[in-house]
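One structure below.
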Amino acid sequence: MDLQGNVQVEYGRFEQIVSQFLSKSLHIILDSRVPSIRPLGRSGDLLLSAPVKKSDKWFNLVLGDRPAANLNFYHRNLVEPMIIDIVLVQEVPDSSYEHRPTTTLGLGKYVETVLERWVVQYEYISTVFPQVGESSTSYKKTYKKSIILLRSLYSMMRLLPAYRAFRKLCLSTQASDFDINYKVSSFSVPYSREEEEVMKQYNFLPIDAPQGRLSISVTYRASLSDFNLETSTTFPPQIITDYVGSPATDPFRAFPSSEKGVGATSFPLRGEQSPSSTPFHRPHSWTCGLHRISPLTQPRGGSPPVHRTSTMPYDCLSPPTNTYGPRYQNSTNHRTTSFDEYQLSPPFSPSPPTYFSGGNPLKTRMHSETAPMSIPRSMMGRSPRYLSPNLSDPNRNSLPPFSPRSTKYDPSSQDSASGIRLSRKSGSFRAGEMNSGMTNHCSSQKVLRDSKDDSGRFSGVLSSSSSPRIGFSRSSSRLSFQDDLDDFDFLCPFIVDDVDTSDSHASQNLDGKKGSECTSQAFSSAKKSQDAAVGALVHMLRNAPPLRQDSSCYSSPSSKTELEGEVGAASGFFVSRKTSDALEELRGYKEMQDFLLSKSRTRVVGKEP
Amino acid sequence: MNCEVCQLKELEVEHFEIREVLRCILHTILFHRALGLVRPKDVDLELFEITYVQCGDVELEKKIDEKIDQFIDRVEKHPNKKNQICLSFYEEKKQAVWFTNRVERLYWEQWYINLNVAQQPKSHSGKSHYSKVVVDPGESALEERSHRRAALEASLREVLFQIIKFVNEKKDHVPPIPNLEGVSFLYEITIPSSSDSAFGMDMFKRMLQTGHPTMLS
């Protein structure tokens with residue numbers, strides 16, 4: 001009969017609901033209690049980019065991959081209760097004579113204590129055979145109510161005392177003296193009298209179902225203080241806001257890392273409650289005023305926007321159907337207001353890494369990362385916003401984002417002056433200063449502020465010369481800076497000195513003035529000591545217009561022939577030029593020198609009475 | 001369809017605790033009422049050892065934060081001890097009344113969150129009668145504070161249990177779930193005026209002055 005067929009179909013659907021209900025509740029319970037069976041690489045975050053499996057859409061609660069334990073229950077009789085024991089396993093010293101070295105910490109033996117006992121069941125109550133119309137609406141109602149029930153189960157899992165133990169276990173990076181395990185069966189060993197006295201019970205309101213009802217209940221230990229659950233975590237995941245590497249410390253020392261990254265709990269950061277939560281102190285630490293992004297409330301899952309589809313009437317079996325649009329990852333923080341202040345940006349000025357890339361590859365360490373990273377050489381000459389290697393690092397999601405202010409600087413000046421500027425920073429930009437994730441915010445800010453000033457000055461210098469050859473070359477040549485490192489270091493003092501005075505000279509040159517003024521200055525400097533003359537020479541070289549311009553407006557490099565030898569060293573300062581160009585320029589200067597010397601001779605001759 | 005009302009247990013909070021407490025409670029309620037597809041997000045409170053669950057909806061978070069800001073403003077401007085915030089769920093029904101179509105709201109559930117805010121000493125220095133000025137917190141004051149904090153944590157936990165209990169016991173009044181993700185029901189968060197008549201008059205005056213409703217949003 002058709003009516004009977006419909007009823008059977010409806011009942012088949014109901015059986016499916018019950019089966020999925022049992023499976024989902026098992027998933028919720030184990031996911032919140034047993035860390036060891038969680039899928040690898042999942043630290044509580046749900047993979048937003050991954051499409052939701054149909055099986056995961058049941059009861060409108062996306063939980064991610066199921067633990068393997070779920071498979072055992074697919075063939076169970078639906079009428080039998082599913083009893084899940086959450087068991088605390090502790091290693092205790094063994095007082096007996098036999099020594100069992102097989103235990104994890106070598107203490108002796110394991111003691112198991114039931115922390116919680118969950119009973120999920122479909123209670124079958126035989127009644128009159130239901131009508132077709134009744135059964136279809138009742139399945140929908142049952143499904144709707146079971147959605148609500150599972151939500152409250154999910155919340156309750158986080159309110160019960162055993163959740164604390166679970167979180168401690170999740171956070172511990174080393175072997176702890178306890179573990180949480182589970183047992184699933186259709187029967188249970190009754191509690192002893194002592195256990196009964198300490199256990200509390202909570203029953204969720206059962207849901208009416210066709211020919212029965214669905215129920216969840218739990219007996220749980222009200223307090224876990226008797227167990228002295230301590231983990232050996234010494235470095236709980238937290239952001240060290242005042243970390244900085246000092247010159248005394250090893251810049252390449254490995255940072256402690258945790259699998260969970262920064263998606264941590266509030267527990268370690270409350271000093272009065274967690275004695276093991278001492279932050280990782282370094283000498284010479286300083287605070288940069290960066291507010292702590294609350295890692296506590298940092299979500300471990302993203303937030304996809306609500307996908308508004310048409311308001312169709314609810315279909316109780318809609319979960320398996322694919323009516324939901326694609327999701328995209330939304331990396332918002334729980335505190336959206338505080339997150340807005342930060343954006344991903346390079347943790348350090350792009351220039352120093354490019355500079356160092358030719359030499360020793362700079363190994364930067366971020367907080368909670370252990371793998372060193374080398375800055376690729378190819379960053380040189382590119383726009384700064386592409387220069388951060390960390391953006392592509394998949395492990396970087398645990399890092400706090402950085403202020404957008406660190407990216408707001410003039411890229412053109414950055415590029416052009418970066419080569420010269422790098423030399424100034426070579427001393428200060430050691431790995432230690434760039435290691436910390438959070439403090440780089442300030443250090444990069446500082447650097448960039450400095451570099452901005454520098455680049456302003458440098459760009460002034462460069463624009464006066466308006467020669468790409470004198471300044472930092474933007475050519476695609478991947479020159480190694482290694483050879484010129486020594487030159488840079490050597491010439492650093494000159495650069496520092498020259499920068500301060502070059503502005504006025506640069507502006508003068510920019511105005512199109514006078515070789516004559518420069519010449520008079522050159523003559524005055526020629527009377528000074530040789531060292532001063534060298535400085536003056538360098539200064540003038542940098543002010544000199546490009547070779548291709550009219551030679552008449554060249555300023556005098558020097559009036560002394562002894563300084564010729566220094567010209568080679570000074571022109572070596574301009575890294576990117578080829579040797580032939582430098583030689584050519586040197587010849588030009590020689591000619592200038594000769595010309596001016598001849599002029600000076602005529603003047604002297606003219607002045608003589 | 002009847003409207004179920006739940007008055008949550010009153011909580012004694014300090015000013016800086018309002019945000020966390022309200023977030024926790026509002027998100028917990030909405031998680032149980034967001035019956036569309038959700039990806040639950042665990043959030044740990046900073047001030048307490050409590051973890052609550054969010055729906056994982058960015059828009060919802062923003063809305064809640066906005067409302068909490070409004071509530072805090074209200075508390076600051078009207079340092080009345082008892083403050084309330086109301087979360088209501090409703091359905092919209094179109095009604096033809098006198099040749100016009102009117103959209104009527106039928107509320108099917110209302111939650112009242114009751115907070116008792118301790119006064120901030122700095123903002124109302126001379127006026128408030130309820131100020132608890134702590135000039136130099138000695139040991140006893142610190143002990144008292146930690147004791148009070150522990151009591152609040154226990155109370156907050158009780159409130160969460162209360163929510164779960166209410167959600168479980170009252171299910172029949174929940175309308176059919178639309179085929180939407182996340183918070184599938186229509187809801188609003190309001191800050192009703194307190195029962196104090198002077199306070200209500202004050203609000204009425206403000207409404208006249210500003211010209212737009214400040215009570216409902």
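So that the names make sense, note that chain A is the first sequence line, chain B the second, and so on, each numbered from 1.
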### Task
Take B/Asn168 and A/Leu149, measure what side chain to side chain contact (heavy atoms under 4.5 Å, CB included) needs, and give me the verdict at the end.
CA-CA 6 Å; B/Asn168 266 278; A/Leu149 175 59; 3.3 Å; yes
### Message
According to side-chain contact (heavy atoms from CB on, under 4.5 Å), who are the partners of B/Ser88, at least two apart in sequence or on a separate chain?
### Response
B/Cys86, B/Tyr107, B/Gln110, B/Glu188
### Spacing of A/Leu159 atom CG and B/Ile163 atom CD1 [to the nearest 0.5 Å]
9.5 Å
## Note on the structure
Distance col, row B/Ile177:CD1 vs A/Ile148:CD1, nearest 0.5 angstrom, shows 6.5 Å
### Query
Does NZ in B/Lys171 sit with more than 12 non-hydrogen atoms of other residues, nucleotides or ligands closer than 6.0 Å?
yes
### Query
Should the heavy atoms of other residues, nucleotides or ligands under 6.0 Å from CD of B/Gln7 be counted, would the total exceed 12?
yes
#### Entry: Beyond-backbone contact of B/Ile50 with A/Arg158, side-chain heavy atoms, under 4.5 angstrom
no
### Query
Just wondering, are more than 12 heavy atoms of other shown residues or ligands nearer than 6.0 Å to NZ in B/Lys9?
yes
### Task
Output the distance between atom CG (A/Leu205) and atom CZ (B/Phe166), rounded to the nearest 0.5 Å.
12.5 Å
### Task
Would you please name every residue forming a side-chain contact (heavy atoms from CB on, under 4.5 Å) with A/Asn203, sequence neighbours left out?
A/Gln201, A/Ser217
### Task
Examine distances only and state if a side-chain atom of A/Arg164 and a backbone atom of B/Glu49 form a donor-acceptor pair shorter than 3.5 Å.
yes
### Message
Is A/Ile207 close to chain B through its backbone or its side chain, or both, or neither, when contacts mean heavy atoms under 4.5 Å?
### Response
side chain
### Task
For the residue pair B/Asp42 and A/Tyr154, establish whether any side-chain heavy-atom pair is separated by less than 4.5 Å.
yes
### Which portion of B/Val53 sits near chain A, non-hydrogen atoms under 4.5 angstrom
side chain
#### Entry: Polar side-chain atom of A/Lys144 near backbone of B/Val174 as donor-acceptor pair, under 3.5 Å
yes
#### Entry: Separation between OG of A/Ser152 and CZ of B/Phe31, rounded to the nearest 0.5 Å
9.0 Å
### Message
Using the rule side-chain contact (heavy atoms from CB on, under 4.5 Å), only one of B/Ile164, B/Thr51, B/Val167 pairs with A/Ser155; which is it?
### Response
B/Ile164
### Task
Could you tell me whether a side-chain N or O of A/Arg151 sits under 3.5 Å from a main-chain N or O of B/Arg33, the two making a donor and an acceptor?
no
### Message
Is any side-chain heavy atom of B/Val38 closer than 4.5 Å to one of A/Asn60?
### Response
no
## Note on the structure
Taken to the nearest 0.5 Å, the spacing of A/Leu61 CG from B/Arg39 CZ works out to 11.5 Å
